[in-house]
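These notes are about the structure you will find just below.
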Amino acid sequence: MAQDRLLFFDTTLRDGEQSPGCSMTQHEKLLMAHSLEDLGVDILEAGFAISSDGDFAAIQAVSKEIRKPRITSLARARTEDIERAAAALEHAERSRIHIFLASSDIHLQYKLKISREEALEQAAKSVALARTYVDDVEFSPEDSTRTDIDFLCRIVSVAIEAGATTINMPDTVGYSVPNEYGAMFRTVRERVPGADKVIFSSHCHDDLGLAVANSLAAIEGGARQVECTINGIGERAGNAALEEIAAALSVRRDQYTVEHNLKLEQLYAASQQLAQVISFAPSPNKAIVGSNAFAHEAGIHQHGVLSNPLTYEIMTPASVGVPANRMVLGKHSGRHALRSRLHDLGYQLGASDLEAAYRAFTELADKKKAIYDQDLINLVAHHKRHEDLISAEPISEAS
Ligand code: KIV
Ligand code: ZN
């Protein structure tokens with residue numbers, strides 16, 4: 001596959017904000033928007049302008065302050081939504097209106113209570129109206145993955161004819177699986193006239209834990225925009241995690257030859273900024289940014305990583321901005337890891353002292369889930385007092 005460009009569309013401030021407990025004030029959205037700009041996202045969905053005055057003001061503030069990414073607001077396929085989105089985006093250097101309209105029969109029948117023909121009409125009218133305000137319009141047939149494929153092609157075709165520049169096909173309920181999601185992109189791109197003139201986009205939810213895998217499959221199917229959120233926050237089980245897609249593309253560049261604008265070494269900072277803003281850290285075992293993502297507890301792993309990090313690490317912590325390799329010491333840890341951590345803490349132990357320290361350490365590790373640096377300092381200090389670690393002197397700066 002020839003190298004081509006993949007756009008990162010971040011929706012932390014819109015779909016991400018829809019997770020329970022993750023709503024953000026205008027000030028918080030601005031803090032986060034700066035982090036996302038530093039990270040290099042291409043499109044930043046700042047909110048849903050018509051949903052509240054607060055969201056409108058936040059989109060306006062982000063539009064005024066954030067210059068590099070294109071700023072977008074979500075809108076339903078309704079005149080009042082589109083006008084409100086356009087007004088909120090007025091000061092943006094570059095803007096996009098993102099229109100969504102359900103296309104699956106279950107949504108048309110039970111949620112919107114309109115026919116397929118009415119949906120086609122609304123799609124055409126709303127995209128054409130949005131184009132009178134901005135030259136960049138994204139159209140999302142909501143619940144694409146549960147939409148009859150012939151109708152999906154029709155609605156996408158109508159949206160392109162009306163002037164849509166990006167077609168996003170969301171897996172709204174996280175129902176799809178990778179081969180099916182990738183195939184949907186191939187089919188629509190093959191069948192719809194004008195498909196080569198627009199950018200196709202993925203938008204995946206994680207109800208089956210497949211959001212990132214599905215996003216990667218969409219890229220293989222020809223999507224050149226991925227919609228995602230920091231730490232994977234979002235409706236229900238969340239959205240595809242931006243940091244996981246970015247790291248997968250980087251670590252497995254043998255499989256994915258797309259280029260993008262993200263600065264991977266800013267991933268951890270963006271994740272930490274979000275955790276601070278929403279007072280909600282990613283789970284410790286969360287890939288890339290969780291506190292255990294680069295932690296090695298088992299002795300064999302620790303020994304391997306100390307000899308050569310590539311034994312158990314597929315990327316360096318530094319490559320995604322994680323400060324340093326933080327080994328977690330516990331009852332499975334070995335002497336190598338203990339010696340290394342004691343060295344980091346400033347203690348250089350001879351063989352017999354290390355042996356004594358290791359015995360004391362394993363006794364403690366049997367009683368505690370994890371051993372922290374302060375535990376080790378206490379342990380060395382205790383043994384020093386009892387003179388069984390007689391040469392355990394902190395290393396001076398000069399040595
Ligand atoms: O999940 C979804 O379908 C959405 C749309 C509004 C794009 O978030
Ligand atoms: Zn969504």
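Start at 1 and go down the list; that is how both ligands and their atoms are numbered.
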Review point. Taking N or O atoms only and a 3.5 Å limit, does T172 qualify as a polar contact for ligand 1?
Key: yes
Review point. Is any side-chain N of the basic residue among D55 and R14 closer than 4.0 Å to the acidic one's carboxylate O?
Key: no
Review point. What do we get for R14 next to ligand 1 when only non-hydrogen atoms under 4.0 Å count, side chain, backbone, both or neither?
Key: side chain
Review point. Once the angle between the rings of Y312 and H301 is folded into 0 to 90°, is it parallel (under 30°), tilted (30 to 60°) or perpendicular (over 60°)?
Key: parallel
Review point. Any side-chain donor paired with an acceptor under 3.5 Å for N168 and S201?
Key: yes
Revision key, fill the gap. Numbered in order shown, the ligand 1 atoms found under 4.0 Å of a heavy atom of E142 are 3 (O)
Review point. If you measure only the distance, is there a donor-acceptor pair under 3.5 Å linking the side chains of N239 and T229?
Key: no
Review point. Do side-chain atoms of R78 reach the backbone of A75 as a donor and acceptor pair under 3.5 angstrom?
Key: no
**Study point:** Polar protein atoms near the Zn ion (ligand 2) [N, O or S; cut-off under 2.8 Å]
**Key:** D15 OD2, H203 NE2, H205 NE2
Exercise for review: Please collect all ring pair (Phe, Tyr, Trp, His ring centres under 6.0 Å) contacts where either partner lies in residues 23-79, sequence neighbours excluded, each pair once.
Suggested key: none
Review point. Quick one: are I43 and P69 in side-chain contact, heavy atoms under 4.5 Å?
Key: no
Review point. Among side-chain atoms of N285 and N292, is any donor-acceptor pair under 3.5 angstrom?
Key: no
Exercise for review: Give the residue and atom name of whichever protein heavy atom lies nearest to atom 4 (C) of ligand 1, and the separation in Å to one decimal.
Suggested key: H203 NE2, 3.5 Å
Point to revise | For H205, the ligand 1 atoms whose distance to one of its heavy atoms is below 4.0 Å | key: 1 (O)
Review point. Any side-chain donor-acceptor pair under 3.5 Å between T172 and E142?
Key: no
**Study point:** Enumerated ligand 1 atoms positioned under 4.0 Å from heavy atoms of D15
**Key:** 8 (O)
